[in-house]
There are 2 protein chains.
Amino acid sequence: MQRMTRQRSAVAELLADLDEFRSAQQLHEQLRHRGEGIGLATVYRTLQSLADGGEVDVLRSGEGEALYRRCARREHHHHLVCRTCRTTVEIDGPTVEAWAAQVGATHGFSDIEHTMELFGTCADCAADPSARSGSPSGSSGGPQNGSPSGSRSGSQTDPRTAPRTGPTTGA
Amino acid sequence: MQRMTRQRSAVAELLADLDEFRSAQQLHEQLRHRGEGIGLATVYRTLQSLADGGEVDVLRSGEGEALYRRCARREHHHHLVCRTCRTTVEIDGPTVEAWAAQVGATHGFSDIEHTMELFGTCADCAADPSARSGSPSGSSGGPQNGSPSGSRSGSQTDPRTAPRTGPTTGA
DNA sequence: AGACTCCTGAGAACGGTTGTCAAACTCCCG
DNA sequence: CGGGAGTTTGACAACCGTTCTCAGGAGTCT
């Protein structure tokens with residue numbers, strides 16, 4: 001059975017305070033900034049168990065890094081993510097669910113699942129294209145690392161924010 | 001300027017022969033089986049340059065591994081991938097493109113992009129759920145590593161095939 | 001309180017990917 | 001066809017995110 005430890009609740013609390021997708025390492029750093037003594041391995045373990053329990057959603061950044069977010073709804077949904085500030089809107093896609101099932105059937109495929117995320121620039125960021133790349137949901141004095149992709153040093157040609165969720169059985 | 005070397009054409013040729021998404025390491029192994037003397041770093045470099053040039057499509061497996069495939073069309077399209085044999089069908093999604101743009105606009109987001117892939121079980125695999133996990137496009141005596149996910153040893157709770165493409169400006 | 005487990009944390013290990021750099025090779029020119 | 005300039009290659013190290021290991025610490029039950 002899952003025990004409620006100080007570390008586990010700290011992670012859950014931080015996720016509740018945030019509104020954007022964050023990597024495990026970002027969350028760890030933020031917890032440290034909050035003064036929580038917590039190990040990186042514990043953050044990974046906790047996030048994984050939360051994800052397994054459907055408590056948090058997981059995306060993959062363009063570089064394959066895992067990003068976590070506590071979504072309001074636990075049912076199937078998609079995300080519309082601001083590529084500048086990472087603000088995320090949960091959206092329904094009945095049109096897409098139906099389309100996916102139909103396309104699959106047309107090609108003779110069964111048991112169709114799909115992954116799909118939308119990326120764009122939110123109204124706020126479009127209005128003020130300058131700074132504003134931190135965490136719009138405030139509350140935590142965490143790191144203001146706006147760029148989701150820029151962790152590698154090399155010549156990554158594709159700096160776009162581009163994650164995906166695990167597939168969810170459609171329609 | 002890009003020079004045509006033996007290694008580069010070997011990679012291009014292999015990709016032309018294959019019909020499924022393959023990881024860089026799988027491709028490297030397959031090239032070795034073909035008797036091509038080629039370094040792993042070269043395979044990575046070549047794939048990256050091909051991807052940059054839009055010659056090949058890149059997905060991310062559920063574990064974040066990059067998967068490559070030479071698609072027939074270079075324009076925007078999506079993929080319907082068999083989760084068993086990895087056979088891939090290129091598909092159009094005008095419905096989705098329109099839907100994505102509309103949803104983005106509704107929420108005040110601009111410059112909408114999207115990622116989306118479909119997964120299912122193809123007719124062949126559904127009919128014969130036993131073996132058949134190798135490379136359906138034959139031609140190469142490459143490795144028959146059917147499972148795209150099972151490389152890690154740990155307790156990965158999610159063995160689903162679940163990649164994503166880089167986003168493409170929608171609508 | 002005491003015992004029994006599970007959880008934690010520091011660091012090692014791991015797997016995929018990229019950087020390094022001398023040697024080999026392509027391409028262009030005469 | 002031979003030479004020269006500059007790109008590519010390949011073996012290996014380095015990196016980065018993530019997971020494993022295991023002794024010590026903390027929750028839970030009685």
Side-chain angles (χ1 to χ4, degrees), chain A residues 1-12 21-29 31-32 35-53 56 58-68 143 145 147-159 163, chain B residues 1-12 21-29 31-32 35-53 56 58-68 145 147-159 163 166:
Chain A
M1 192 243 292
Q2 198 59 257
R3 289 182 182 172
M4 185 46 62
T5 64
R6 175 177 60 78
Q7 293 88 340
R8 190 178 178 83
S9 40
V11 170
F21 278 94
R22 284 285 155 90
S23 72
Q25 316 225 24
Q26 285 178 321
L27 292 169
H28 176 240
E29 193 179 342
L31 286 166
R32 282 259 144 109
E36 295 286 349
I38 185 170
L40 181 56
T42 303
V43 174
Y44 273 106
R45 268 186 301 243
T46 304
L47 287 172
Q48 184 158 303
S49 92
L50 289 174
D52 287 352
V56 302
V58 188
L59 293 198
R60 287 268 170 191
S61 80
E63 287 72 50
E65 196 178 8
L67 303 176
Y68 303 85
N145 186 349
S147 165
S149 306
S151 60
R152 283 279 162 71
S153 58
S155 59
Q156 196 74 21
T157 319
D158 188 345
Chain B
M1 190 241 293
Q2 197 60 261
R3 287 181 183 174
M4 185 48 61
T5 64
R6 175 177 61 75
Q7 294 86 341
R8 189 178 179 85
S9 39
V11 171
F21 278 94
R22 285 286 155 89
S23 72
Q25 315 225 26
Q26 286 178 320
L27 293 170
H28 176 239
E29 194 178 341
L31 286 166
R32 281 260 146 105
E36 294 286 349
I38 185 171
L40 181 56
T42 301
V43 173
Y44 273 105
R45 270 187 300 243
T46 304
L47 288 172
Q48 183 157 304
S49 92
L50 288 174
D52 287 352
V56 301
V58 188
L59 294 198
R60 287 267 169 191
S61 80
E63 287 72 50
E65 197 179 8
L67 303 176
Y68 303 85
N145 185 352
S147 165
S149 306
S151 60
R152 282 282 158 71
S153 58
S155 60
Q156 195 74 23
T157 320
D158 187 344

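Here the structure is a predicted model, which means the values were calculated and not measured. For the numbers below, each heavy atom of this structure counts, side chains included, while hydrogens, waters and symmetry mates do not. Numbers restart at 1 for each chain; the letters A, B, ... are given by sequence-line order, proteins then strands.
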Please report the closest heavy-atom contact between [X] and [Y], naming both atoms and the distance.
X	Y	answer
A:Ser49	A:Gln2	OG-NE2, 4.1 Å
B:Ala10	B:Leu31	O-CD2, 3.6 Å
A:Tyr68	A:Ser23	CD1-C, 4.5 Å
B:Val43	B:Ala24	CG1-O, 3.7 Å

Whole-Å gap separating [atom2] ([N]) and [atom1] ([X]):
X	N	atom1	atom2	value
B:Arg45	D:dG10	CZ	P	8 Å
A:Leu27	D:dT18	CG	P	11 Å
B:Gln26	C:dT17	CD	C1'	15 Å
B:His28	D:dC12	NE2	P	12 Å
B:Glu63	C:dT17	CD	C1'	16 Å
A:Arg32	C:dT8	CZ	P	14 Å

Scan nucleotides 23-30 of chain C against the protein and return all N/O pairs shorter than 3.5 Å with their distances rounded to 0.1 Å.
from, atom 1, to, atom 2, distance (Å)
C:dT26, O2, B:Arg3, NH1, 2.8
C:dT26, O2, B:Arg3, NH2, 3.4
C:dC27, OP1, B:Met4, N, 3.4

* Between A:Tyr68 and B:Val43, just flag the one whose closest nucleotide in DNA chain D comes earlier from the 5' side. => B:Val43
* Asked: With a 3.5 Å cut-off and just heavy-atom distances, do the side chain of B:Arg60 and the base of C:dG16 make a donor-acceptor pair?
  -> no
* Asked: Any idea which of C:dG16, D:dT9, D:dT21 is nearest the B:Arg8 side chain?
  -> D:dT9
* Which listed nucleotide (D:dT9, D:dT18, D:dT21) is nearest to the side chain of A:Glu65? -> D:dT18
* Asked: Which residues within residues 35-42 of chain A lie with some heavy atom under 4.0 Å of an atom in DNA chain C?
  -> A:Gly37, A:Ile38, A:Gly39, A:Ala41, A:Thr42
* Can you list every salt bridge (Lys or Arg N to Asp or Glu O under 4.0 Å) pair that touches residues 35-48 of chain A, not counting sequence neighbours? -> A:Arg6-A:Glu36
* Asked: Taking the side chain from A:Arg8 and the backbone from A:Thr46, do they hold a donor-acceptor pair closer than 3.5 Å?
  -> no
* **A:His28 and A:Arg32, any side-chain heavy atoms less than 4.5 Å apart** => yes
* Flag the pair A:Val11 / A:Ile38 as yes when at least one side-chain heavy-atom distance between them is below 4.5 Å, and no otherwise. => yes
* A:Gln25 side chain N/O closer than 4.0 Å to the phosphate oxygens (OP1, OP2) of D:dC16? -> no
* Within the structure, does a side-chain N or O atom of B:Tyr44 lie under 4.0 Å from either OP1 or OP2 of C:dT18? -> no
